[in-house]
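One structure is given below, encoded as structure tokens.
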Amino acid sequence: MKKILYITFTLLALSACKNTSTSDKQEKEGITILQDSIKTLTSSNFENVVTDDPNPELVAIVKDALQKVDSLYKGEENWQYTYFSKDSIAKTTIKAGKFFNNQPYVVVHIDDRIIESLVEVYKIEKNRTFRKKLSYIDDFTYAVHDSVFDANGDGINDFNIDWWTTGAFGSSIIYIYLFDPKTEKFSTAYEFDNATFYPKEKIIRGVEAGFGGISGLYKMKWIGDKSDKTEDIEYIYPDYTTKGKTFIRTKTPSEYPERKEGELLKKVPEEYRDQKDWFLRYEEQGGELPFLELILKNRK
């Protein structure tokens with residue numbers, strides 16, 4: 001009996017040592033980070049292909065974030081973890097879940113107002129492997145936001161990055177990356193100004209960037225077999241002859257269009273209720289339409 005117990009104890013000890021050895025080996029080897037052929041988008045150069053090595057500080061923060069995902073993420077849906085990196089003011093937010101194609105992905109968002117801000121998307125694969133699918137660098141230190149939703153109404157989640165410009169006419173710049181479940185790749189970015197997306201209608205409504213009174217409302221539609229193209233539907237501008245109390249609907253963009261160029265409207269259509277306040281901000285200036293005389297003079 002003693003011999004049997006001794007053998008059993010020995011086998012258990014060997015098994016425990018083997019498991020410990022395997023675990024130690026995995027911890028020592030760490031995670032694997034792979035990268036598809038992707039373009040890095042920047043806020044200053046719309047589709048800049050980054051060939052230089054990225055900022056080493058950001059690279060280190062990303063690696064640390066992915067290691068945290070490897071150790072802390074247990075497959076929950078919409079998991080999120082935020083922390084500040086050591087020896088840095090960078091705020092890092094990690095979001096993980098089955099965001100695309102019902103497969104696990106992680107979004108790493110590093111907000112560092114001194115170095116750069118970085119947003120990257122990785123697919124979580126087997127054997128502690130992370131494959132980079134998308135990368136965005138904000139080198140203007142704007143406040144950058146990201147989200148996951150179906151932008152074009154095809155029933156597939158897409159990725160959104162947006163930031164707010166400063167200056168005389170602040171504007172929300174929105175980048176949409178459409179996701180292709182067959183290739184597991186993101187499209188190049190579609191850029192929109194001050195846009196709201198209505199996936200059930202496959203419609204985009206927004207306000208053009210610019211001064212209130214000059215910038216108009218716009219409506220676009222996703223078209224094509226894959227809903228991966230956009231088509232302009234209409235534009236609506238203040239009618240300068242009534243100081244913006246009536247409006248003119250056109251098929252093409254313009255600055256203070258003439259009535260003969262489009263359709264006269266007595267009020268802003270109800271479908272633009274989400275954009276109406278930003279469009280009518282010129283009313284806060286007493287109804288003064290900026291640069292009206294200059295634009296009409298140059299038109300002649």
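Just so we're clear, the structure is a prediction, and the values are computed from it rather than from any experiment. Basis for what follows: all heavy atoms, side chains included, without hydrogens, waters or symmetry-related copies.
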Practice task
Decide yes or no on side chain to side chain contact (heavy atoms under 4.5 Å, CB included) for Val119 and Ile110, but give the supporting numbers first.
Solution key: CA-CA 6 Å; Val119 181; Ile110 303 168; over 6 Å; no

Problem - Leu118 vs Ser135, side chain to side chain contact (heavy atoms under 4.5 Å, CB included): CA-CA, chis, key distance, verdict - result: CA-CA 7 Å; Leu118 177 70; Ser135 183; 3.8 Å; yes

Practice task
Check step by step if side chain to side chain contact (heavy atoms under 4.5 Å, CB included) holds for Val107 and Ile94.
Solution key: CA-CA 6 Å; Val107 178; Ile94 317 165; over 6 Å; no

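Take Thr32 and apply the side chain to side chain donor-acceptor pair (under 3.5 Å) test, not counting sequence neighbours, and it matches no residue. When the side chain to side chain contact (heavy atoms under 4.5 Å, CB included) test is applied to Leu265, the partners found at least two apart in sequence or on another chain are Ile236, Phe247, Arg249, Glu263, Pro269. Residues passing the side chain to side chain contact (heavy atoms under 4.5 Å, CB included) test with Glu231, sequence neighbours excluded: Ile223, Ile233. Partners of Thr242 under the side chain to side chain donor-acceptor pair (under 3.5 Å) rule, at least two apart in sequence or in another chain, are Thr246. With sequence neighbours excluded, the residues that form a salt bridge (charged side-chain N to carboxylate O under 4.0 Å, His left out) with Asp64 are Lys68. With sequence neighbours excluded, the residues forming a ring pair (Phe, Tyr, Trp, His ring centres under 6.0 Å) with Phe186 are Phe100, Phe179, listed by chain and number. Scanning for ring pair (Phe, Tyr, Trp, His ring centres under 6.0 Å) contacts around Phe197 gives Phe149, Phe192, with sequence neighbours left out. The side chain to side chain donor-acceptor pair (under 3.5 Å) test applied to Glu208 returns Tyr237, not counting sequence neighbours. With sequence neighbours left out, the ring pair (Phe, Tyr, Trp, His ring centres under 6.0 Å) criterion links Tyr198 to no other residue. Annotation: side chain to side chain donor-acceptor pair (under 3.5 Å) contacts of Gln67 (sequence neighbours excluded): none.
Donor-acceptor pairing under 3.5 Å is lacking for the side chains of Thr250 and Glu261. For the residue pair Asp111 / Ser117, a side-chain donor-acceptor distance below 3.5 Å is found, with atom types taken as modelled. Side-chain atoms of Glu258 and Tyr240 include a donor-acceptor pair closer than 3.5 Å. Defined by atom type and a distance below 3.5 Å, a donor-acceptor pair is present between the side-chain atoms of Lys202 and Ser227. Side chains of Asn194 and Ser172: a donor-acceptor N/O pair is absent below 3.5 angstrom, by distance only. No hydrogens or angles considered: a donor-acceptor pair under 3.5 Å links the side chains of Thr196 and Gln275. A donor atom on one side chain and an acceptor atom on the other are found under 3.5 Å apart for Trp163 and Tyr136. Side-chain atoms of Asn160 and Ser147 include a donor-acceptor pair closer than 3.5 Å. Side-chain contact of Asp239 with Thr241: a donor-acceptor pair under 3.5 Å is present, judged by distance alone.
Hydrophobic clustering (ILVMFWY, side-chain heavy atoms < 4.5 Å, transitive): Trp278 and Ile203 are in distinct clusters.
Lys226 approaches Asp154 most closely through the heavy-atom pair O-OD2, 4.3 Å. The minimum heavy-atom distance linking Pro290 with Gly213 is given by the pair CD-CA, 4.3 Å. In this structure, Ile176 and Ser187 approach most closely via the heavy-atom pair O-OG, 4.3 Å. Nearest approach of Ala209 to Ser171, heavy atoms of both residues: CB-OG, 3.6 Å. Considering every non-hydrogen atom in both Arg131 and Glu125, the closest pair reads NE-OE2, 2.8 Å. Taking all atoms of both residues into account, the shortest heavy-atom contact from Ser215 to Gly210 is OG-O, 3.8 Å.
Relative ring orientation between Tyr177 and Phe159 is described as tilted, the plane-to-plane angle lying within the 30° to 60° band. Under the 30°/60° scheme for interplanar angles, the aromatic rings of Tyr190 and Trp222 are found to stand perpendicular.
Under the side-chain contact (heavy atoms from CB on, under 4.5 Å) rule, Val121 has a single partner from Val106, Asp146, Val108, Leu134, which is Leu134.
Residue Glu284 holds its CD atom at 8.5 Å from CG of Asp277, rounded to the nearest 0.5 Å. A distance of 5.0 Å separates NZ in Lys133 from CD in Glu184, rounded to the nearest 0.5 Å. One distance of note links CD of Glu255 with CG of Asn298; it measures 9.5 Å at 0.5 Å rounding. Here Thr230 contributes atom OG1 and Asp228 contributes atom CG; the two are 9.5 Å apart, rounded to the nearest 0.5 Å. Summarising the geometry, atom CG belonging to Leu178 is positioned 11.0 Å from atom NZ belonging to Lys229; distances are rounded to the nearest 0.5 Å. Here Lys276 contributes atom NZ and Arg281 contributes atom CZ; the two are 15.5 Å apart, rounded to the nearest 0.5 Å.
Between the side chain of Lys74 and the backbone N or O of Ser71 there is at least one donor-acceptor pair closer than 3.5 Å.
Each side chain to side chain donor-acceptor pair (under 3.5 Å) pair with one or both residues in residues 96-108, not counting sequence neighbours, would appear here, but there are none. For residues 281-300, the pairs satisfying ring-ring contact (aromatic ring centres under 6.0 Å, His included) are Phe211-Phe291, with sequence neighbours left out.
A salt bridge links Glu120 to Lys132: one of the charged nitrogens lies within less than 4.0 Å of a carboxylate oxygen.
Around atom CD of Glu293, no more than 12 heavy atoms belonging to other residues, nucleotides or ligands sit under 6.0 Å away.
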